[in-house]
Amino acid sequence: MTDKTSAALKADQMFINFGPQHPSTHGVLRIALTVEGEVVVKAAPDVGYLHRGMEKLFEARTYSQALILTDRLDYISAMHNNLAYCLAVERLAGVQVPLRAEYLRVLTAELNRIASHLVFFGTFAVDMGAFTPFLYAFREREMILDLFEMLCGGRLLYSYVRVGGVSADLPAGWTEKCREFIAFFKPRLKDYDTLLSTNPIFKSRTDGVGLISAAQALSWGLSGPNLRASGPDYDVRKAEPYCVYDKLNFKVPVARTGSCWDRYYCRMLEMGQSAEIALQCLDALAAPELAPEIMTKGVPKMLKPAAGQAYAHVEASRGDLGFYAVSDGSLSPYRMHVRGPSFLNVAILQEILTGCKIADVVAILGSLDIVLGEVDR
Amino acid sequence: MPAEEIFLNLQASFAGLVKSEAQVKGYPTWTVPAQALRPVCDRLRTKFSFDYLDMVTAVDWPASAGAVTQVAASAPAAAPTAAGRDVFELVYLISALSSGIRVCLRCEIPRKEPSIHSLYGIYMAADWQEREVYDLFGINFEGHPNLKRVLTPETQQGHPLRKDYVHVPDSYD
Amino acid sequence: MTTEETILTKISEPVFNHANGRLLMPEERYWPSRKWKSPWSLPAYRSGAALLAGILSGAVLAAWLIGEIPLRLAPLYSLAEQYALSYGVPLFLFHLAWTVIKAALLLAVPLVNALFAVWWERKVSAHIQSRLGPMYVGRFQGCLQTVADGLKLFLKEDIVPDCADKLVHLLAPVVVVIPAILVFAPVPFGRELIYADLDIGTVYVFAVGGVSVMGIIMAGWASGNKFSLLGGLRSAAQLVSYELPRTFAVIPIIMLAGTLNISAIAGLQAGYWGGILPRWFIFYPVVGQVAFIVFLIASVAETNRVPFDIPEAESELVAGFNTEYSGMKFALFFLSEFAYVLLSCLLMAAFFFGGGEPPLPFLGFLPSWAWFLAKTLTLMFCFLWFRWTFPRFRVDRLMDFNWKFLLPVSLLNIAAAGLLIWLIS
Amino acid sequence: MKNYLSFVAEAFVNTLKGLWVTLKVMFLPTITVQYPTEKMVPYPRFRGMLAYDAEACIACGMCVRACPSKCIALAKAAPAPVPAAVEGQPPAPAVRSGPKIEWYTIDYGRCNFCGLCEESCPTKPVKALWHSLDYEAVFSTREEMTRRWKRGDTLWGTARGSADGQFAPVADQIHIQDVPVRK
């Protein structure tokens, strides 16, 4: 209650702590709500409960050890963190990556995007009160986790992408299982649409709720599906293609009004597109003329990049995830800043929550799909 | 309007603007004098529609650290980093999403009482990112409506990401 | 050692030595082939289906064998009366004893229903979400799960928050449960199976049903925390406003039947149109279907179930009005919720599906209470089915839905019923 | 008025379609693994609890440097006493009895299962330190999470007792105890 003394409240206002322990804040986020009856008068998000001092830890580890830290940033789509970190360090040290490793990176990143969007779909449905889609989403996600368990050993935190390539090649039988999953997953997407997207109650809860205009989204620095739902068509995979995204064809869903439903449906369409990309990667990986090695030779375990700075960013499932790496020529990075998309997605809450109802707070928070590991670093 | 013409156009009106020798690999980097930062950003946003502030961050270059790694000596003519100059280096990444140009602005402020003008009015994204830089580095942003700690608890003494930060054991240890 | 053995040596044997305790090798994990494998290929599925078919046919057989035992009980009453008179027992004492026995039987209805409904809901919700649901308690499909829950809740410590209003906090569950049990008096369970054959049965049911709203508001206020308060106030708004379309939906049935006595309404629906279509009120051209749908939606709202479970919305108000309740008090709230679900299904079976009347002429061999029970359970399945499919309404959308859609539709329906009666007569 | 009716009709149809999806799934097989009765065995590459084999270990300390959270510590064995030189024969090589390592501890409380130590272990053909497939490790105290192998212990893992902080064999403890040496 430090920033809210009861005297400041007018007669009929009530101060509610929405979090940090609350079923629908997706982690430890506290929103100080000043409420008049059901309508929110003022909202002040308060973060920092999961602050582990990640950027200080980076400075105490070597480049290969720091990769493990990046898993813990956005722990739901850990593959994107590894990829962004490795791209930044490779750009800093000027390391080339073999083509097969590029395809493996894009394949695992897109599968991880599907898994991350499935978590979003499940938790957003539970926030709206529908419990069943959560179980369906996690049934499909379980299959992706099995694929990752087969490939890189971890189910949630993989540390699979390494500086200069990837750590392991596809085991026997993995490609068939992956194709089988994608073939099974497509009709399930249609099931989700009939179950939730077109449901009139769900539409009444999300359509026209939490409207974010294009100018507002750009000014607040939103990124990913949150930005594309408000109009501006900006996707790092299209704007600055990294890895082999320029060789793959896929569409990026864009909406106009920026309501909760638009953000939700952009992510659902993205899942379909990610499945397409994964299929194209599988075809490319199966091609015989692709060279077999997955790791550039000569990248020392104890990497010592020359002094300098580099910035690389990736279209993570939650937005534009960037790593700003500064090296002073020693074994461990001199400074490593993480540009977390969720950190800016949370900041906009203080503006769009005023005037909506408590049930809308849950809807808007769910539709922005934030992960506190990335907000607090 | 590629970055080059924008740079020349801006250099005409802002004397201190110079192409930085510490280039951020991947993006054109310009060094901006601290007091000219806000007008440059204002000009970029209004005239060249740079409507998206990607990132605001700071790097601490105390006098001691840089010298230890003798970076300046071995480096080629352009020193790759601002090592050993006892400054805070503020890095802004601003981009025009429509035309896809992304530019990095660097400015250096003395370590004694670090303060710079906030970009709060131009980009709302700066609001929380500047609070984070204040929280972790102690750089004061003038004109920022509620410059308070955002990540560390209120009872935190000192600014953790400074190189000379010594942890004062508080109630959490 | 092959990789198989190295794997096996590292994972120890399962802890519970159940019959099917085994190590699930990676290939045996759930992994559907291209199209969802037809379930009949799985042995567990076939044995489960056979088991279910066995249980159902057993129940039908038992119902047929037991037949009309309840009707045989009727002469028992007059026999016991002469017997008591011959012993000089005063008449009113005998009536008192008989009503106490009937009251005990009636009290058993919501309790047994709660036991069965909780287990059934967890099983139905599990299979809807492709899970198994309770499997361990009671060895066979977790059938004693609710008994175990009840025992746990009975033994649990009863926490009363210190800033709560002690007396009101204690009284709230009482005020919620008593009407939930009283309301079953005029409701029939078969052709003659009824506790009090009141002529104003319908009015009694809706009147007593409305009292429990008070209990929920008391619970919300007395818990002393903001979330419960919000939950309590929300439920007040919802229950009161959904009472209207619910009663207006029944009025066309009363106009068609001409009486308020529920068992009489059920009785009027005997007979068949053209030998096949049963003369149930739901099959009346427009009036029946609209009335049924409005009544169904309104009774889902009355029982605070999704999509109308705003009072205890987990994701917003943590647990709404029953946040601060634990132990037996929480069990009472649970009991009353399922009692009202059973009540709504019984009413719908009686009003719209001709309680006790077999759907087809040649199916008359089963007793009336078996048919009544079958209809109630199918309707109850709909309640459970709704819960695990729909998201939740927002408070003001819920109010709009009621005042701007349900109420006008039910009023129009009354007009249509008037028109229908004019046409028939 | 017309689109209002079509809105109501469409809403009604969508509701029924949603109900059909849930009913369809109800009659399909379930995916639950009833954990204590059926135990899932992970894939071979799964990174479970660390397991250690003293015979194969050459006490090089690569794993100590590779670990990001510094949870491994080891001490080389003292060099074997050189047998007294018997003139006439070439000096007999220092015969070492048993493993080259004195003691080796892993702190499971800080290990984050990243596999960097396993990758950096140079021993051939079988690694001295590898991730077993065991995911059921349970510790009751923080001290017990530190597991040590000392020369003379048969199998991997005496735990530091919480009371006196000394290492003592732990009774009916978790599965790492009976993880046989991987050959």
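Chain identifiers are assigned alphabetically (A, B, ...) following the order of the sequence lines, protein sequences preceding nucleic acid strands; residue numbering begins at 1 within each chain.
- For chain A, the nearby part of B:Arg102 is the side chain; its heavy atoms alone come within less than 4.5 Å.
- Heavy atoms closer than 4.5 Å to chain B are found in the side chain of A:Glu240, but not in its backbone.
- Between A:Leu227 and B:Leu97 there is a side-chain heavy-atom pair separated by less than 4.5 Å.
- Listed here is the closest heavy atom pair of A:Pro45 and B:Trp128: O-CZ2, 3.8 Å.
- Side-chain atoms of B:Tyr52 come within 3.5 Å of backbone atoms of A:Leu222 as a donor-acceptor pair (strictly under, hydrogens ignored).
- In this structure, chain A has a heavy atom under 4.5 Å from the side chain of B:Val91, while its backbone stays farther away.
- Residues A:Arg335 and B:Leu161 form a side-chain contact, since some pair of their non-hydrogen atoms from C-beta on lies under 4.5 Å apart.
- Contact of the B:Lys163 side chain with the A:Glu59 side chain is registered, since non-hydrogen atoms from C-beta on lie closer than 4.5 Å.
- When heavy atoms are compared at a cutoff of 4.5 Å, A:Asp233 does not approach chain B at all.
- Note: B:Trp61 and A:Tyr334 meet the aromatic proximity criterion, with ring centroids under 6.0 Å apart.
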Derivation of the side chain to side chain contact (heavy atoms under 4.5 Å, CB included) call for A:Gln309 and B:Gln23: CA-CA 7 Å; A:Gln309 304 92 258; B:Gln23 283 293 337; over 6 Å; no
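- Highest contact tally toward chain A, considering only B:Tyr123, B:Tyr165, B:Tyr27, is held by B:Tyr27 [criterion: heavy-atom pairs under 4.5 Å].
- At a 4.5 Å heavy-atom cutoff, the contact between B:Asp127 and chain A is made by side-chain atoms alone.
- Proximity to chain B (any heavy atom under 4.5 Å) is shown, for A:Ala347, by both the backbone and the side chain.
- Looking at A:Arg377, its side chain never comes within 3.5 Å of a backbone N or O of B:Leu151 through a donor-acceptor pair.
- Heavy-atom distances place the side chain of A:Tyr234, and not its backbone, under 4.5 Å from chain B.
- Taking 4.5 Å as the limit, every side-chain heavy atom of B:Lys25 sits out of range of all side-chain heavy atoms of A:Tyr311.
- Of the two parts of B:Gln156, neither the backbone nor the side chain holds a non-hydrogen atom closer than 4.5 Å to a non-hydrogen atom of chain A.
- If you measure heavy-atom distances from B:Ala126 to chain A, you find no contacts under 4.5 Å at all.
- At a 4.5 Å heavy-atom cutoff, the contact between A:Ser327 and chain B is made by backbone atoms alone.
- Applying the salt bridge (Lys or Arg N to Asp or Glu O under 4.0 Å) test to A:Arg105 and every residue at least two apart in sequence or in another chain returns A:Glu90.
- Counting heavy-atom neighbours within 6.0 Å of A:Lys56 NZ, excluding the residue itself, gives a total above 12.
- The parts of A:Val47 that come within reach of chain B are both its backbone and its side chain, each placing non-hydrogen atoms under 4.5 angstrom from that chain.
- Neither the backbone nor the side chain of B:Asp135 comes within less than 4.5 Å of any heavy atom of chain A.
- How far CD of B:Glu132 is from CG of A:Asp376: 10.0 Å, rounded to the nearest 0.5 Å.
- Residues B:Asp54 and A:Arg339 approach most closely at O-NE, 2.9 Å, considering heavy atoms.
- Between the side chain of B:Thr57 and the main chain of A:His337, no donor-acceptor pair closer than 3.5 Å is present.
- Looking at A:Leu344 and B:Gln129, their side chains come closer than 4.5 Å, going by heavy atoms from C-beta outward.
- If you measure heavy-atom distances from B:Arg162 to chain A, the contacts under 4.5 Å come from the backbone alone.
- Ranking A:Ala310, A:Ser219, A:Gly48, A:Gly53 against chain B, the residue ahead of the rest is A:Ser219, based on heavy-atom pairs under 4.5 Å.
- Heavy-atom pairs under 4.5 Å with chain A were tallied for B:Thr29, B:Ile122, B:Val59; the largest tally goes to B:Val59.
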